[in-house]
Structures are given as C-alpha cells and as structure tokens.
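Presented below is the structure to which this report refers.
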Amino acid sequence: MRLPLRCSSIVLLALAALPLQATTLLVNAHIHTMDPSRPEATALAWKDDGRLLAVGDTADLQKPFPGSTIEDAKGPTVIPGLIDAHGHMLGLGMTHIQVDLVGSASRAEVVSRLKAAAAKLPAEVWLIGRGWDQNRWADKHFPSAADLDAAFPDRPVYLERVDGHASWANTAAMKHATKSLDGDWQPEGGRIERVGKRATGVLVDGAQALVGQAIPPLTHQQTRDAYKAAFADAVAAGLTGVHDPGVSLQDFKVLQEMAAAGEIPL
C-alpha cells in the first residue's frame with residue numbers, strides 16, 4: 001500500500017508528547033516500522049503536510065486523535081518509503097513519450113506497434129522506441145534494418161533494446177550516423193553488427209552513439225514532461241527518493257527549476 005508520506009523512515013513517537021491533531025489515521029494495517037524495538041504496528045497517523053505523528057496499535061491511536069479522517073487499510077502491508085540507489089529518471093520518463101516495445105513477440109509485432117505510433121506523429125519526426133528483445137522471438141536472432149525499411153523507408157527509426165545495451169535502426173536513421181557504419185572497423189567499447197562489411201542496423205553498447213547522437217534532443221517542455229511522468233511512476237511504486245547515476249547539465253537545470261516550483265515529489 002502506498003501512502004502520501006514524505007519521509008524515508010517511520011519513527012515511533014510517544015503518544016503522550018503528541019497534542020497535535022492528526023489529519024488522517026490509517027488503521028488495520030500490517031506496518032513494518034524498521035524499528036528493532038517494535039518492528040510491527042497496525043496504525044499510523046499523519047498531518048496534512050505528510051508528516052507522521054505516531055505509529056502504534058489501532059486501538060491506542062484512535063484515542064489521542066479524535067475527529068481524524070479514518071482510512072481502514074483492511075490488512076495490507078505498509079512499509080517505509082523506499083530509496084532507489086540507481087534510477088535513470090529521464091529514461092524512465094521517456095518511456096511514456098516513446099513507443100513501448102516491451103513484450104513484443106516478433107519483428108512483425110514491433111512494426112505493428114511502430115505503425116500505430118507513427119500515425120500520430122508528424123512525418124519528419126524520428127520514431128523512437130524501446131523494449132524489443134530478440135530472445136522473445138521464435139528465431140532469437142538480432143533484427144536488421146530491412147525489417148523496418150519496408151514500413152518506414154523515409155522516416156528515421158531508432159529502437160533501444162530492453163536492456164539499453166543495443167539499438168536497432170533502419171536505413172533512414174543510419175544515414176544520419178556520424179560516420180559510415182560499413183567496413184571492417186569497430187568503435188571503442190561497442191560493436192556494429194555486419195553481414196560481410198555491411199552494417200545490419202544493430203548497434204551494440206558504444207556503437208549506439210554513432211546514430212543515437214543524431215536524434216534531435218528533447219525540448220525543454222518534453223524534458224519536464226518526461227521527468228513528471230517518471231516521478232509519478234516512482235511515487236506509485238512507493239519510492240520517496242532516487243539516486244540518479246548521471247544527468248546532463250541541461251537536464252539538471254530543468255530539475256532545479258522543477259524543485260524550485262515544488263514539482264518534485266521525491
């Protein structure tokens with residue numbers, strides 16, 4: 001169960017020291033307090049600003065906080081807010097504005113999802129997606145640009161694998177590469193999949209940037225929207241904090257702006 005509590009731990013407070021009126025009282029819950037002296041409780045009270053007032057047994061907390069709004073949990077587990085030690089927040093948010101390919105069972109299903117998304121986009125906009133996994137397909141082989149070219153001969157298409165360690169591009173996208181992808185050379189820290197000396201359209205690890213760098217950057221508003229979507233996902237999962245392993249200076253300034261406006265609920 002997720003609660004609107006802006007704290008990273010639950011502290012047991014002495015009821016005798018709590019003259020303040022609680023706004024909300026959650027009862028009949030299975031609460032893990034993380035306090036070795038009292039690891040479990042059944043109720044907690046908090047103010048409308050999200051600050052906890054008390055954690056204890058349902059019967060004990062109903063007395064000192066009369067008139068509070070009662071939320072009957074009816075038994076589910078409640079835990080302190082979680083902190084993610086390694087969360088790519090912008091990447092998470094971008095899944096809401098890109099084509100979701102997670103779970104696609106074939107190349108044909110990938111193309112079908114892409115067509116549905118492309119119908120809503122201007123003709124010149126890159127078609128970006130993430131989530132394909134060749135291991136879910138019958139032949140388990142890497143795809144190729146040719147698999148995309150028939151449906152998208154002119155629109156650049158760039159699709160990240162589910163783990164982010166490979167990307168699949170069509171011919172129109174590969175034309176924007178920083179250098180020719182054909183030949184017998186390989187980039188440092190990556191691999192260009194080829195048949196003979198011709199690039200197939202799959203770029204692994206460090207090779208992804210050869211095409212990925214050509215994708216138009218997010219606008220200021222798109223960045224804000226992506227972060228908002230990511231924050232909503234994080235809060236819905238019970239997170240109260242996230243350590244992002246790295247953001248650009250430009251994106252960091254957007255985060256500063258959002259923080260100043262009170263738009264970061266983490």
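Each residue takes its place number in the sequence, starting with 1. Basis for what follows: all heavy atoms, side chains included, without hydrogens, waters or symmetry-related copies. Since the structure is predicted, the reported quantities are computational estimates derived from the model, not experimental observations.
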Q | Trp185 six-ring face occupied by Lys179 cation (under 6.0 Å, within 45°) | A | yes
**Q.** Step-by-step side-chain contact (heavy atoms from CB on, under 4.5 Å) determination, Val27 to Gln62
**A.** CA-CA 9 Å; Val27 299; Gln62 285 179 321; 4.3 Å; yes
Atom [atom1] in [X], atom [atom2] in [Y]: separation rounded to 0.5 Å?
| X | Y | atom1 | atom2 | result |
| --- | --- | --- | --- | --- |
| Ile31 | Glu40 | CD1 | CD | 10.0 Å |
| Asn135 | Phe142 | CG | CZ | 8.5 Å |
| Asp225 | Thr219 | CG | OG1 | 7.5 Å |
| Asp205 | Asp163 | CG | CG | 8.0 Å |
| Ser104 | Trp132 | OG | CH2 | 9.5 Å |

[X] versus [Y], closest heavy-atom pair with distance:
| X | Y | result |
| --- | --- | --- |
| Leu210 | Pro187 | CD1-CG, 4.2 Å |
| Leu25 | Ala45 | CD1-CB, 3.7 Å |
| Pro143 | Thr200 | O-OG1, 4.5 Å |
| Gly56 | Leu61 | N-CD1, 3.4 Å |
| Ser167 | Tyr158 | OG-OH, 3.0 Å |

Examine [X] and [Y] and state if one hydrophobic cluster contains both, with Ile, Leu, Val, Met, Phe, Trp and Tyr joined whenever side-chain heavy atoms are less than 4.5 Å apart.
| X | Y | value |
| --- | --- | --- |
| Leu127 | Val211 | no |
| Ile97 | Val162 | no |
| Trp168 | Leu203 | no |
| Ile215 | Ile192 | yes |
| Val125 | Met174 | no |

(Q) Looking at Asp72 and Lys74, is there a salt bridge between them, counting it only when a charged N and a carboxylate O are closer than 4.0 Å? (A) no
Q. Is it true that Asp139 and Arg107 make a salt bridge, defined as a side-chain N closer than 4.0 Å to a carboxylate O?
A.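 Salt bridge flag = yes for Arg107 with Asp139.
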Q) Which of parallel (below 30°), tilted (30 to 60°) and perpendicular (above 60°) describes Tyr227 and Phe231? A)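 The rings of Tyr227 and Phe231 lie parallel, inter-plane angle below 30°.
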Name all residues meeting the salt bridge (Lys or Arg N to Asp or Glu O under 4.0 Å) criterion together with [X]; count only those two or more places apart in sequence or in a different chain, and write none if there are none.
| X | value |
| --- | --- |
| Arg113 | Glu109 |
| Arg191 | Glu193 |
| Asp182 | Arg198 |
| Asp154 | none |

Heavy atoms from other residues, nucleotides or ligands near [atom1] of [X] exceed 12 (cutoff 6.0 Å):
| X | atom1 | value |
| --- | --- | --- |
| Lys63 | NZ | no |
| Gln250 | CD | no |
| Glu188 | CD | no |

Q.
What verdict does the side-chain contact (heavy atoms from CB on, under 4.5 Å) test give for Leu52 and Leu44, after you've listed the backbone C-alpha separation in whole Å, the side-chain angles of each residue and the deciding distance to 0.1 Å?
A. CA-CA 8 Å; Leu52 286 175; Leu44 58 85; 3.9 Å; yes
Tell me every residue that passes side-chain hydrogen bond (donor to acceptor under 3.5 Å, both in side chains) with [X], counting only those two or more places apart in sequence or in another chain.
| X | result |
| --- | --- |
| Asp184 | none |
| Thr223 | none |
| Ser112 | none |
| Glu257 | His220, Arg224 |

Indicate yes or no for a side-chain donor-acceptor contact from [X] to the backbone of [Y] under 3.5 Å, with no hydrogens or angles considered.
| X | Y | result |
| --- | --- | --- |
| Thr42 | Thr58 | yes |
| Thr33 | Arg38 | yes |
| Thr23 | Lys47 | no |
| Asn170 | Arg155 | yes |
| Asp60 | Asp57 | no |

Q: Would you kindly say whether Thr24 and Glu71 are connected by a side-chain donor-acceptor distance under 3.5 Å?
A: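 The answer is no; no qualifying pair exists.
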Check: [Y] and [X] side chains under 4.5 Å, non-hydrogen atoms:
| X | Y | answer |
| --- | --- | --- |
| Ile70 | Leu26 | no |
| Glu160 | Gln208 | yes |
| His32 | Thr77 | yes |
| Leu53 | Trp46 | no |
| Asp147 | Val111 | no |
| Arg130 | Leu159 | no |
| Val235 | Leu266 | yes |
| Val202 | Ser144 | no |

Q: Give the intermediate values and the outcome of side-chain contact (heavy atoms from CB on, under 4.5 Å) for residues Glu263 and Lys228.
A: CA-CA 8 Å; Glu263 295 175 344; Lys228 285 182 179 180; 4.0 Å; yes
Result block: side-chain N/O donor-acceptor pairs under 3.5 angstrom for residues 84-94, not counting sequence neighbours:
from, atom 1, to, atom 2, distance (Å)
Asp84, OD1, His86, N, 2.8
His86, NE2, His88, NE2, 3.1

Q) Quick one: ring-ring contact (aromatic ring centres under 6.0 Å, His included) pairs with a partner in residues 94-127, sequence neighbours left out? A)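 Sorted pair list: Trp126-His176.
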Q | Residues in side-chain contact (heavy atoms from CB on, under 4.5 Å) contact with His243, at least two apart in sequence or another chain | A | Ile83
(Q) Give me each pair satisfying salt bridge (Lys or Arg N to Asp or Glu O under 4.0 Å) with a member in residues 230-255, each pair once, sequence neighbours excluded. (A)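 Matches after skipping sequence neighbours: none remain.
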